[in-house]
Amino acid sequence: MSRSISTRYRFSRRSLLAGLGAGAAVLGPFLRHRSALAAGAGSPNLLIFFTPNGHKRMVTVNNVNQPAFDATGGATSLTLGTAMKPLETYKSDIAVIKGLNLKTPTFIASHQDNCRLLTCVAAPKEGNDNSQFTGYGPSIDFAVGKAIGETPLVVGVDPFRDKPHWRNYLNWSASQVNAPFTKDFNAVYTQLFGGLTGQTSMPDQMAAIARARARNKSLLDLVKGDINTFSTRINANDKAHLTAYLDSLQAVEQRVTAMPAVPGTCSTTMLQPRVTTMAGMKATIQNDDKSPNGVAKELQARGELWMDMIATAFACGTKRVATIQWGGASEGYDPAADTGSPNHHSVSHGSMPAAHWADIDSWYSERFAYMLNALKTLNILDKTVIAWVSEITEGHHQTNMVTVMAGGQALGMKMGQYILYPIKGQEREGSGAIPIQQDPANKGLNDLWVSVQQAMGVQSATFGDAKYCTGGLSELRTPTM
Amino acid sequence: MMPSPVRFRPGRLLGTATSLALLGAMSGCHGVGEIGGGGAGTGAATTGGAGTGAGNPTGAAGTGGVTPIDPGKVAPPSSGWYDALKASDCAAAPTALPSSRIWRLSDVQWKNTVVAALGVSAPDTSNFPADGVDPRTGFTDDSSGNKITQSLANVYFDATDRVVSQAAPGVVTANACLSATPLAANCASMVVGTYGQKLFRRALTPAENTQFANYLVSEAKLDPIATAVGSMLKAMMMSPEFLYRTELGTSKAGPVDMTGDEIASMLSYSIADMPPDAQLAQAAAAGQLADAAQRTAQAQRLAALPGARAKLAQFWNEYLSLGDQPTAAGLDQSMWNEATNFFAKIALDGPGTFKDLVTSPYTYADKTLAAIYGSAQPAADGKLTLDPKTRSGFLTSAGMLGKTSAPSQAGTVIHRGLLVRQRMLCQTPPPPPATVVPDPAKIQEGPADATAKENYDLFVMAHKDCNVCHSNFQPLGLAFEAYDAMGKYRTAYPGTGKPIITSGTLTGAGDASGDYADVVAMAAKIGPSEIGQYCFAEQFASFAFGRLIDTTQEACTIKAMGDYVTGRGGQVKELLSSFAATPTATRRYHQ
């Protein structure tokens, strides 16, 4: 990969290293890579944020129904449900849409249709054969990628599978050609940032960022040493004070050393050591729909590293389209209970009280907030369209879905609103021909992807099955075709 | 039983948990006993039990017969605390000492310390998380509960950035040697020593000085000197040595004497929320603060500072759980203003006593409240003279009556009864048995038009076991039925016309015990009473010490504080300096 380099500010490698002292140790990998914003860094980005097993749209508290993974409001207002509360800070950067449907000519109500979630092309036939697990067209990420000339990044977060199962068939580079996830941090790091080699200069802004991080790190190391010394003097009853402080400092350290100190810049300085650490961790592969308990923190750490890598790649302009899969459809870890069995899927079928399903959604809302924070810190949220989707929704249908869109306001996306598309028909759990997905009055996911691709500069009035398209979601973005 | 949902107001007048627990129609109550935190004795730790005993020992046996007072094991004051206090032999050496401890600076203390140490303008701390309320005392000065949470650590880090960027250039200017390149070690050591002492409120140890000086020298090689100085100051400000006050002495196991610097910090922060000033630090350095008379003199000096006035006002605010001033003009704001102005006029501006707070037949109110009182317009200074037959101090003020009213009749009665029993007599009822789930809906025993007295009589018949405890506070609350939810005086219930019975008997209340005809008569017993004075001192001790006081093992501390105030004319403001010479003021037990 070859990209243009800003050379306005030049430092010799020798003088920079001398100036940074100990802090320069962490800059090694950075110096091997291109550091300036590439030409593509100002271009629009697309991220598909996938979590499995749908969402709990509403919970009942004291006999009163209240939105959980849902919202209320209108074109100029947005009140988030309880499971979306972690997104409160980003309310002006998100839009909650309710009432979209995965349109098909026949009844579908299964997790397997995750394979059509991003393609919006129905199978030639439905039934118990392999067509259940196949997409019949490029998924939205690959369709956009093809239009802008790049191969999208598809990463899987959970550490339980090392090869995709139908439960993970979400992305399609072409009809019936699945684009599997990768979970190889090293390989992706090299792919995204390893091509930025041979540089001998860096802008002073980058040096300042690196120095600020190193300064914060050494300062916090000093404070932690102080705490340890202090702890030897205090009453045993008070140890909890210092334990709490040390835990809190961990969070401070993560904040002030992991993210760039200056927005709008491309820097991989802090990524590389994290990638090395993560790659060295033993994965808990078992290729089953179950997994061990107690790995929620690992799931979170993996996800956060992927999100930071994606955000950095967007900022650096080395990747513009990506999908992050947090787990597989019809399986998925339960991060709220920190259990692999019962898993997220069984919770969605009622193995736990409904509120617990909402707790899982809330956990994912926190992760989504992390993603938005990463993009916002890098000053690219408004240039990035993010779609949070799931293969199914409450009731085990692909109807009346709740979708969270974020970012892209510089691309015409209208955020800070609640868009409700009333559905015609009745939702019911279980089998039966429920023609919601066939009724022209009901909005299709196709239109969502039409709006997304137009925001990405792909001027087309249709996506997937053209017969289900109405030209986009005008409430979300004024159609440009 | 009629359902009667009970809604609680924000704030913690008497400890929400306690109030809630007591609100139930506790069908499962049995054998809890009367108000009492513990049985008599001096042996191993115990935290409860029936009885009227004076003791609630909390500590394990200690060195030389001295035991530590473990704040986690202290029981709330029992009904017998006053009798125990009266019987205490305070001439003898203390047999129990407060545990050594660390105590996180409150938000205001953090701000004042930064300003005093670095000479910067007051930093904005409005985004600091509010200090938590100790559920056992109702006060925010909570030495064990207020820890450094993630959000607090984050705001510390960011606020410190702003402070040091303001302070560092001045430090460089004031210390010419800092401008030399490379930075000399002795210069770094001198600067570190100067600012370390200000920030840590004590001289740095040689090891600390070396550590921070090395750090400064190291940073000065990487950054401009002002940045390096900023990093050094920031490291100090993020250190627990800055963020915590200490009462550790030598940190050797067993009884220890606090250092002079620690005593200085105790006085200055507990009296005026500020770090030791030069005069106090000098006294500490000269070893004068080991002397009770010297401490008292310093405490009296500090008590006259503006910070002390704010501190005492904070005590009153939290004593009555007033919370922040309502931002919107209206009845709530009028009531809040009344409660704070009443205290300010009587106790902060004037020589007012506890008795004045309880028995004064006037208030400080606006026109809105004057209408409730049915009085003429307030004077220019807000003073509103009230009918002495129906009004007596803060107990009958519209603000307090409004604050203690609840949506349910019984809830209101309980809140008001607890205000008297718990806050004014320092007698905390025990919680209901663990098997009882408080159900506020069941507290209403009679029909909707039943009077509070009728309801209570039915409650007593239906829940005799519960009434073992409820009898201590609920009847007291009945006297307040002469005032409606907004504090308006009445003699009969509207609608039914049923007369309000306000008479009763104050039991187990030491020299305040006896029959009363109404709240005014009840206040007339408590206001001038010794138990009331000592209890007020005990409440202030819990506030100033940042922990629940062990009324048995620290009876002599309370007695000394109460006697000190009484000996100086009973003025409320004397509370501020009252703890400086108490028997265990400067001794701790380290574990």
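Here is how names work: the chains are called A, B, and so on, in the same order as the sequence lines, proteins then strands, and each is numbered from 1. Keep in mind that this is a model prediction, so the values were computed, not measured.
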Please identify, among [options], the residue contributing the most non-hydrogen atom pairs under 4.5 Å to chain B.
{"options": "A/Asn216, A/Asp247, A/Thr229, A/Thr232", "value": "A/Asn216"}
{"options": "A/Ser231, A/Ala251, A/Ser248", "value": "A/Ser248"}
{"options": "A/Leu242, A/Ile234, A/Leu220", "value": "A/Ile234"}

Please, which pairs that meet side chain to side chain donor-acceptor pair (under 3.5 Å) have at least one residue in residues 244-253 of chain B, sequence neighbours excluded?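 Sorted result for residues 244-253 of chain B: A/His241-B/Tyr244, B/Arg101-B/Glu247, B/Arg245-B/Ser270, B/Thr246-B/Glu262, B/Glu247-B/Arg588.
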Locate the shortest heavy-atom distance separating [X] from [Y]; write the atom from each residue and the value.
{"X": "A/Asn235", "Y": "B/Ser99", "value": "ND2-CB, 3.8 Å"}
{"X": "B/Ser100", "Y": "A/Asp238", "value": "O-OD2, 4.1 Å"}
{"X": "B/Asp70", "Y": "A/Asn237", "value": "OD1-ND2, 3.7 Å"}

From A/Ile227 atom CD1 to B/Ile148 atom CD1, the distance as rounded to the nearest 0.5 Å: 7.5 Å
When you compare the side chain of [Y] with that of [X], does any pair of heavy atoms fall below 4.5 Å?
{"X": "B/Gln211", "Y": "A/Leu222", "result": "yes"}
{"X": "A/Leu249", "Y": "B/Phe157", "result": "no"}
{"X": "A/Phe230", "Y": "B/Ser239", "result": "no"}
{"X": "B/Phe212", "Y": "A/Asp226", "result": "yes"}
{"X": "B/Leu222", "Y": "A/Arg215", "result": "no"}

Given that the side chain runs from C-beta out, which part of B/Ile102 has a heavy atom under 4.5 Å from chain A: side chain, backbone, both or neither?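 Both parts, backbone and side chain.
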Heavy-atom cut-off 4.5 Å, strictly under: side chain, backbone, both or neither for B/Leu152 against chain A? neither
